[in-house]
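Along the sequence shown, residues carry numbers from 1. Computed from a prediction, not measured in an experiment: that's the story for all the values here.
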Amino acid sequence: MSKRILIRDCIQKAIAKTGESYSLYYNPTEQTTLKYPCILYRRKAIRQRHADNIRYHTHEEYQITVIDKRVESPVVDALLDEQYCYYNSEFVNSNMIHTILTINSGGLANG
């Protein structure tokens, strides 16, 4: 299973824990019409570890943006329950709160 699918499944489990409805988008384009509240995610980085001139571990980092009218969106806490997810920042745009998180596949997929 791809690491992106593992991240998507992790986000969907967090959504299910809240019992609320969030639209989920991977790498939306400018033409994509978003339905709020929503969660956007995209690959942010690929991290590799090397030893003895050999790559022995690779994991991907994904940026998650939760867009909601509420200051404390319940899905943010559900996502932060995941061991490999951490808070980055938040900002307001068009009266919507944008919360930025990062999650990595390091523990979700071995190698």
Side-chain angles (χ1 to χ4, degrees):
M1 182 180 295
S2 78
K3 293 176 183 175
R4 183 180 76 80
I5 300 301
L6 289 172
I7 298 296
R8 185 197 68 199
D9 290 346
C10 182
I11 296 170
Q12 287 177 331
K13 286 177 188 173
I15 293 170
K17 282 171 67 174
T18 67
E20 298 191 16
S21 177
Y22 287 85
S23 300
L24 183 59
Y25 303 95
Y26 177 73
N27 258 355
T29 63
E30 290 181 8
Q31 290 79 25
T32 304
T33 303
L34 302 179
K35 181 181 171 205
Y36 300 103
C38 66
I39 299 174
L40 316 177
Y41 71 110
R42 66 176 185 85
R43 186 166 56 188
K44 178 179 173 182
I46 298 175
R47 307 284 182 199
Q48 298 179 337
R49 294 183 186 158
H50 295 82
D52 296 328
N53 295 323
I54 298 172
R55 180 183 49 147
Y56 71 92
H57 180 75
T58 301
H59 72 267
E60 298 175 1
E61 288 184 354
Y62 287 81
Q63 178 179 301
I64 300 172
T65 305
V66 178
I67 304 174
D68 199 335
K69 286 186 178 188
R70 297 171 286 185
V71 175
E72 295 183 9
S73 180
V75 77
V76 171
D77 288 333
L79 285 165
L80 289 173
D81 285 343
E82 174 60 47
Q83 180 179 0
Y84 300 98
C85 186
Y86 59 91
Y87 174 87
N88 286 74
S89 64
E90 61 186 46
F91 62 92
V92 179
N93 186 6
S94 302
N95 293 326
M96 301 292 276
I97 309 297
H98 294 62
T99 305
I100 313 296
L101 308 169
T102 298
I103 190 167
N104 74 62
S105 65
L108 299 174
N110 295 325

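- Side-chain contact between Y41 and L24 is present, with heavy atoms from C-beta onward closer than 4.5 Å.
- Listed by chain and residue number, nothing satisfies the salt bridge (Lys or Arg N to Asp or Glu O under 4.0 Å) test with R4 (two or more places apart in sequence, or in another chain).
- Rounded to the nearest 0.5 Å, atoms NZ (K69) and OG (S94) are 11.0 Å apart.
- For the residue pair P37 and S21, the shortest heavy atom distance occurs at CG-O, 3.6 Å.
- Counting heavy atoms from C-beta outward, C85 and L80 have side chains that approach closer than 4.5 Å.
- In this structure D81 satisfies the salt bridge (Lys or Arg N to Asp or Glu O under 4.0 Å) test together with K17, sequence neighbours excluded.
- Counting heavy atoms from C-beta on, the side chains of Y62 and Y26 come closer than 4.5 Å.
- Using a distance-only test at 3.5 Å, with no hydrogens or angles considered, a donor-acceptor pair links the side chain of S2 to the main chain of I5.
- Proximity of T65 to I39: side-chain heavy atoms (C-beta onward) are nowhere separated by under 4.5 Å.
- I64 contributes atom CD1, which lies 7.0 Å from atom SG of C10 (distance to the nearest 0.5 angstrom).
- Within a 6.0 Å radius of CD in E72, no more than 12 heavy atoms belonging to other residues, nucleotides or ligands are found.
- In this structure the side chain of I7 never reaches within 4.5 angstrom of the side chain of Q12, judged on heavy atoms.
- Salt-bridge formation is detected for the pair E20/R70: a Lys NZ or Arg NE/NH1/NH2 atom is positioned less than 4.0 Å from an Asp or Glu carboxylate oxygen.
- The CD atom of E30 sits 9.5 Å away from the OG1 atom of T32 when rounded to the nearest 0.5 Å.
- For the atom pair CZ (R47) and NE2 (H59), the distance works out to 6.5 Å, reported to the nearest 0.5 Å.
- Residues satisfying the ring-ring contact (aromatic ring centres under 6.0 Å, His included) test with Y22, not counting sequence neighbours, are none.
- Residues forming a salt bridge (Lys or Arg N to Asp or Glu O under 4.0 Å) with E90 (at least two apart in sequence, or on another chain): none.
- With sequence neighbours excluded, no residue satisfies salt bridge (Lys or Arg N to Asp or Glu O under 4.0 Å) with R8.
- Heavy-atom minimum distance, L79 versus A14: CD2-CB, 3.6 Å.
- Distance check: I11 CD1 to L6 CG gives 11.5 Å after rounding to the nearest 0.5 Å.
- Remark: side-chain polar atoms of D68 are not paired, donor with acceptor, to backbone N or O of C38 under 3.5 angstrom.
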Review point. Step by step, would you call I103 with Y86 a side-chain contact (heavy atoms from CB on, under 4.5 Å)?
Key: CA-CA 7 Å; I103 190 167; Y86 59 91; over 6 Å; no

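- Here the shortest heavy-atom pairing between I97 and V92 reads CD1-CG2, 3.5 Å.
- The residues E60 and R43 are annotated as salt-bridged, a charged nitrogen and a carboxylate oxygen being separated by less than 4.0 angstrom.
- Members clustered with L40: Y25, L34, Y36, I67, M96, by chain and number, using a 4.5 Å side-chain heavy-atom cutoff among hydrophobic residues.
- The side-chain heavy atoms of F91 and I100, taken from C-beta on, include a pair separated by under 4.5 Å.
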